[in-house]
Amino acid sequence: MPELPEVETVRRQLERTIVGRRIGSVDVRFSGRLNVGAGEFVKRLVGRRILSSGRRAKLLLFGLSGGDTLVVHLKMTGKLLLVDSDQEPNRHTHVVFRLSGYNVLFFDDIRKFGYLHLFRTDDLERLVIGPAGYGPEPLGPGFRADSFAADLKRFGRSAIKPLLLSQKCVVGVGNIYSDETLWRSGIRPDRSAGTLEADEVRSLHDSIRKILRRSVRIGGTSVDSYRDAFGRRGGYERKLEVYGREGHPCSRCGELIRKVRLGGRGTHYCPKCQK
DNA sequence: CTTGCGACCTGTTGGC
DNA sequence: TGCCAACAGGTCGCAA
């Protein structure tokens with residue numbers, strides 16, 4: 001569920017609330033999404049201090065004293081929730097972290113796609129980031145219109161929307177923001193990436209940066225179950241132009257927004273002003 | 001190497 | 001009202 005703006009919102013909230021804290025205890029209630037046994041997981045975390053919070057693509061990276069990094073992927077329904085120490089876990093709370101200073105961090109995940117992985121910080125690049133084959137960060141200096149154009153050409157036989165979702169040409173864009181960025185740039189989601197004109201590539205590059213930056217600023221999008229680290233909804237759901245708006249008039253041309261299935265994903269677009 | 005599709009889970013919704 | 005298929009914000013592994 002969470003795409004870059006939602007993951008980045010959670011990261012920023014935890015940056016100012018849990019970084020610097022010590023992990024007092026860890027309660028694993030469901031161990032099926034850990035990469036080590038529950039016993040080892042607890043042993044490597046208890047007593048450690050949280051030194052940093054980072055993000056690469058949709059991965060959250062918490063650097064710990066002792067040389068480990070906790071890698072978190074929220075996938076569709078995962079949540080990291082900072083709650084009061086008297087809050088009861090629910091049936092979807094898989095891990096409870098008690099921190100110094102009376103706060104508790106819950107890892108909840110209804111669908112159990114999300115995971116908590118522990119790696120030696122020295123191994124992150126070699127074992128986690130590198131093998132993923134990630135493209136550049138959309139809000140970083142490595143995302144440039146000319147290299148984006150070259151990357152789109154390289155995978156040019158794929159339709160543009162599934163290619164955006166693949167994280168190969170740029171990371172952090174998921175099902176909501178792919179539909180929103182393609183609408184803003186007037187590009188049909190099923191266009192072969194290789195057929196995009198130079199000005200369309202520049203426009204898409206610009207839309208990705210502007211929409212993601214704006215969404216981060218207002219706390220991401222809550223279409224359904226997404227909540228930030230304080231359990232609050234995002235503000236971008238009010239800005240959506242096509243996602244979840246099938247049957248409503250396009251704000252640019254008045255044509256009714258259509259929903260189709262593309263690459264197995266629900267896809268929303270304006271049949272008139274997206275070419 | 002690229003592309004496409006089913007699998008992984010649980011919960012909700014809409015149609016009959 | 002009840003049942004059941006389809007769908008949900010993401011990858012991942014495997015086949016062609």
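It should be emphasised that the depicted structure is a prediction, and the values quoted were computed from it without experimental measurement. Residue numbers start from 1 in every chain, and the chains themselves are labelled A, B, ... in the order their sequence lines are given, proteins ahead of strands.
- Aromatic ring orientation, A:Phe143 versus A:Phe148: perpendicular (interplanar angle above 60°, classes split at 30° and 60°).
- Between A:Glu200 and A:Arg191 there is a salt bridge, since at least one side-chain N of the basic residue sits less than 4.0 Å from a carboxylate O of the acidic one.
- When side chains are defined from C-beta on, A:Asp179 counts as touching A:Thr267, because their heavy atoms get closer than 4.5 Å.
- In this entry the distance linking CZ of A:Arg56 with C1' of C:dT11 reads 15 Å, nearest Å.
- Rounded to a whole angstrom, the distance from the C1' atom of B:dT3 to that of C:dG9 is 23 Å.
- Atom CZ of A:Arg265 and atom P of C:dC12 are 13 Å apart (whole Å).
- To the nearest angstrom, P of B:dT2 lies 5 Å from CZ of A:Phe155.
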key: Heavy-atom protein contacts under 4.0 Å, nucleotides 7-12 of chain B, coded B base, S sugar-phosphate only, - none   = -BBBS-

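- Considering all non-hydrogen atoms of both residues, A:Cys169 and A:Phe155 come closest at SG-CD1, 3.8 Å.
- Annotated stems with DNA chain B as a participant read B:2-8 with C:10-16, B:10-16 with C:2-8, given as range with range, by first number; only runs of 3 or more Watson-Crick or G-U pairs under 3.5 Å qualify.
- Regarding A:Leu262, its CG atom lies at a distance of 9 Å from the P atom of B:dG4, rounded to whole Å.
- In plain terms, the two heavy atoms of A:Ser178 and A:Val173 that are nearest each other are N-CG1, 3.5 Å.
- One atom, CG of A:Asp109, and another, P of C:dA8, lie 18 Å apart when rounded to the nearest Å.
- Rounded to whole Å, the P atom of B:dC9 lies 16 Å from the corresponding atom of C:dC14.
- Remark: A:Ile218 engages A:Tyr236, A:Lys239 in a side-chain contact (heavy atoms from CB on, under 4.5 Å) (not counting sequence neighbours).
- Counting only N and O atoms by type, the side chains of A:Glu3 and A:Tyr226 include no donor and acceptor under 3.5 Å apart.
- Contact between the side-chain N/O atoms of A:Arg154 and the OP1/OP2 oxygens of B:dT2 is found at a separation under 4.0 Å.
- Here, B:dA7 and C:dA5 have their P atoms 15 Å apart, quoted to the whole Å.
- Residues of residues 157-168 of chain A that place a heavy atom closer than 4.0 Å to DNA chain B, in numerical order, are A:Arg157, A:Ser158, A:Lys168.
- At the heavy-atom level, A:Gly174 lies under 4.0 Å from the strands shown only through sugar-phosphate atoms.
- Taking atom CG of residue A:Asp151 and atom P of nucleotide B:dC1, one finds them 16 Å apart after rounding to whole Å.
- Contact check on A:Glu8 versus A:Arg11 returns a salt bridge, with a Lys/Arg side-chain nitrogen under 4.0 Å from an Asp/Glu carboxylate oxygen.
- Between A:His73 and A:Gly266, the one whose closest nucleotide on DNA chain C sits nearer the 5' end is A:Gly266.
- Taking side-chain N and O atoms only, A:Lys58 has a distance below 4.0 Å to OP1 or OP2 of C:dG10.
- Counting any heavy atom pair closer than 4.0 Å across all strands shown, A:Gly263 reaches no nucleic acid atom.
- Taking the side chain of A:Arg261 as heavy atoms from C-beta on, and the options B:dT2, C:dA8, C:dG10, the nearest nucleotide is C:dA8.
- Residue A:Thr93 comes nearest to A:Arg29 through the heavy atom pair O-NE, 2.8 Å, listed as atom of the first residue, atom of the second, then distance.
- Salt-bridge check for A:Lys112 with A:Asp109: failed, with every basic side-chain N at 4.0 Å or more from each acidic carboxylate O.
- Between the OH atom of A:Tyr134 and the C1' atom of C:dG10 there is a distance of 10 Å, rounded to whole Å.
- Here C:dC7 is the nucleotide among B:dT3, C:dC7, C:dG9 with the atom lying nearest to any side-chain atom of A:Lys259.
- By the 4.0 Å N-to-carboxylate-O rule, A:Arg120 lies too far from A:Asp122 to be salt-bridged with it.
- Here C:dT11 presents its P atom at 13 Å from CD1 of A:Ile129, a figure rounded to the nearest Å.
- Here A:Arg233 pairs with A:Glu237 under the salt bridge (charged side-chain N to carboxylate O under 4.0 Å, His left out) rule; sequence neighbours left out.
- The salt bridge (charged side-chain N to carboxylate O under 4.0 Å, His left out) check on A:Glu40 picks up A:Arg44, with sequence neighbours excluded.
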